[in-house]
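Contents: one structure, followed by commentary.
Below, read A as the first sequence line, B as the second, and so on, with proteins coming before strands; counting in each chain starts at 1.
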Number of protein chains: 2
Amino acid sequence: MARRGRRRGAAVSRENILDAARRLFAEHGFEGTSLRQVARAAGVDPAMIHHFFKGKDELFALSVELPADPEEVLRGVADTDPGQRAELLVRTVLHLWESPAQASLVAFLRGTLGSRAKTALLREMVGRTIISRIMAGVPGQPAEVALRGDLVASQMVGLMMVRYVVRLEPLASAGQDEVVRLAAPNVQRYLTGDLFEQGRR
Amino acid sequence: MARRGRRRGAAVSRENILDAARRLFAEHGFEGTSLRQVARAAGVDPAMIHHFFKGKDELFALSVELPADPEEVLRGVADTDPGQRAELLVRTVLHLWESPAQASLVAFLRGTLGSRAKTALLREMVGRTIISRIMAGVPGQPAEVALRGDLVASQMVGLMMVRYVVRLEPLASAGQDEVVRLAAPNVQRYLTGDLFEQGRR
DNA sequence: GCTTTAATTCATCAGGTGGTGAATTCCCCG
DNA sequence: CGGGGAATTCACCACCTGATGAATTAAAGC
């Protein structure tokens, strides 16, 4: 059934492989996904993967690479007044996660959280690149701002995990606007609020 | 060097295997860890694992099983006035994660988040068991309480991820008391605060 | 139209995977 | 002290893993 040699028509196998890889990595993680599964899902011989990519690592890197440049996505956020930045930040992140990029993002998290070695990559990326952009222009001593950044990250990461990875209901099905309304005030406190207030409410 | 037959002295191999499994599952996740690696780390023949456990699944389940019964750990929390429950909740969870159980907990998360199938397990467990205990006695309509529970979970999960799995600095090294002071007010808002407040601070 | 280049499959490799059955050695109970 | 049962290792099994090199076919460039 599968004749040998080049197929007729446009050459789309490379993209098919990337699509299949995205899906499978998102479902089963990095080590839980085999090249043969990917090839089968893409309707292609396993050797094609090595023809197009150097190996499993490169396939993973290219298929789940962040489909959007964090700098670009967060540009608007960094330009907003820190005192009202939270709402836009939450909205922007939700928007990104509900785009076609979702499979890549889940795959990235699943593959990346799977092992300690890969987690280091995520730490560098989230830590230095993303957080620093989110915190740009926030007043305060550097040490304090860094701590605030981690706290913001903790809330955002938790939101992504619960809503998109674990999919806890009813939060997973809540509307985007509702989630923004619910979470933004907490994020805002981490960003610029009084961290040492006593006996609120 | 390794003689055949039973070793002299006390029989500790079973515990050695469990310890090694905990460590390796925490570092490399479920599929990233092989039985032979575990056996090697435990200084034992691979066949021992099948002698003591039914297979890799049971080894994983037993080695990373929650070392503390959620019901017991959260008992004090559920008994506290909901209006001041957040501080105790955060403190309790931090305490648990800084106990010897940490390796098991990280292993549980790593193994569990690795694939979609295993994530369902976590969803059931966190969703029905843990959250319902945390939210016991919180006033409000069931649907609203469920949503509040998910929000609390999002902050707690994010905190665990950032502090213990990804280990973002400076949050990872912050003192327990400080983290409680920083995060508890936000958790409290999710628990019993006004979720629809406008233009705070 | 011919040649170069890329896409595709096949056959195969060395090594790792989880798992099994039997043989050997020791502990513990009677 | 004798014997039953548990602990331990060995020798395998069938299968899957990522990877390679050569052979075949089609598209692209001239």
Side-chain angles (χ1 to χ4, degrees), chain A residues 1-25 27-64 107 110-111 114-115 117-118, chain B residues 1-25 27-64 107 110-111 114-115 117-118:
Chain A
M1 205 157 196
R3 282 191 26 252
R4 208 166 174 165
R6 186 165 185 158
R7 295 176 183 177
R8 280 161 240 157
V12 290
S13 293
R14 200 189 130 101
E15 277 310 311
N16 291 149
I17 290 173
L18 286 173
D19 286 349
R22 258 184 282 273
R23 253 187 36 232
L24 290 171
F25 283 137
E27 277 216 42
H28 310 116
F30 180 78
E31 358 254 347
T33 302
S34 80
L35 295 184
R36 289 161 150 91
Q37 281 172 42
V38 174
R40 212 175 309 134
V44 145
D45 188 276
M48 291 287 325
I49 297 182
H50 287 89
H51 177 66
F52 287 121
F53 312 95
K54 277 178 203 155
K56 194 180 181 181
D57 287 333
E58 183 177 305
L59 174 63
F60 179 75
L62 291 182
S63 64
V64 310
R110 281 235 162 87
S115 84
K118 290 210 180 68
Chain B
M1 204 157 196
R3 282 189 29 252
R4 208 166 176 167
R6 185 163 188 158
R7 294 177 184 175
R8 279 162 243 157
V12 290
S13 293
R14 199 189 130 99
E15 277 312 309
N16 291 148
I17 290 174
L18 285 173
D19 286 350
R22 261 185 279 274
R23 254 188 35 234
L24 291 171
F25 283 137
E27 275 215 44
H28 309 115
F30 179 79
E31 0 254 345
T33 302
S34 79
L35 295 184
R36 289 162 149 91
Q37 282 172 43
V38 174
R40 212 175 308 135
V44 146
D45 187 275
M48 292 287 324
I49 297 182
H50 289 89
H51 177 66
F52 286 121
F53 312 95
K54 277 179 203 156
K56 193 180 181 182
D57 287 332
E58 183 177 304
L59 174 63
F60 178 75
L62 291 182
S63 64
V64 310
R110 282 236 161 87
S115 84
K118 291 212 180 64

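Rounded to an integer number of Å, the gap from CG of B:Asp45 to P of D:dC12 is 14 Å. As a whole-Å value, the separation of B:Leu35 CG from D:dC16 P is 17 Å. Between the CD1 atom of A:Ile49 and the C1' atom of D:dC16 there is a distance of 15 Å, given to the nearest Å. Atom P of nucleotide C:dA6 and atom NE2 of A:His51 are separated by 8 Å, given to the nearest angstrom. Counting to the nearest Å, the P atom of C:dG16 and the NZ atom of B:Lys56 are 15 Å from each other. Spacing between atom CZ of A:Arg14 and atom P of C:dT8 amounts to 12 Å, rounded to whole angstrom units. The separation between A:Phe52 atom CZ and C:dT5 atom P is 17 Å, rounded to whole Å. Nucleotide C:dT9 holds its C1' atom 16 Å from the CZ atom of A:Arg40, rounded to whole Å.
For the pair B:Leu35 and B:His50, the minimum side-chain heavy-atom distance is below 4.5 Å. Looking at A:His28 and B:Glu31, their side chains never come closer than 4.5 Å, going by heavy atoms from C-beta outward. With contacts defined as side-chain heavy-atom distances shorter than 4.5 Å, the pair B:Arg7/B:Val44 qualifies.
Aromatic ring pairs are classed by plane angle as parallel below 30°, tilted from 30° to 60° and perpendicular above 60°; the pair B:Phe30 and B:Phe25 is parallel.
Side chain of A:Ser63 to backbone of A:Ala21: no donor-acceptor contact under 3.5 angstrom is found.
Between B:Arg8 and A:Ala11, the residue whose closest nucleotide on DNA chain C is further toward the 5' end is A:Ala11.
Residue A:Arg4 places a side-chain atom within donor-acceptor reach of the base of C:dT9, judged by atom type and a 3.5 Å distance cut-off alone.
For C:dT20, the OP1/OP2 oxygens have no side-chain nitrogen or oxygen of B:His50 closer than 4.0 Å. One finds a side-chain N or O of A:Arg3 lying less than 4.0 angstrom from the OP1 or OP2 phosphate oxygen of D:dA26. Within the 4.0 Å cut-off from OP1 or OP2 of C:dA7, not a single side-chain nitrogen or oxygen of A:Ser13 is found. A sub-4.0 Å separation between OP1 or OP2 of D:dT9 and a side-chain N or O of B:Arg6 is absent.
Among the protein residues, A:Arg36 comes within range of the nucleic acid bases, having at least one heavy atom under 4.0 Å from a base atom.
In this structure, of C:dA7, D:dT17, D:dA19, it is C:dA7 that holds the atom nearest to the side chain of A:Met48.
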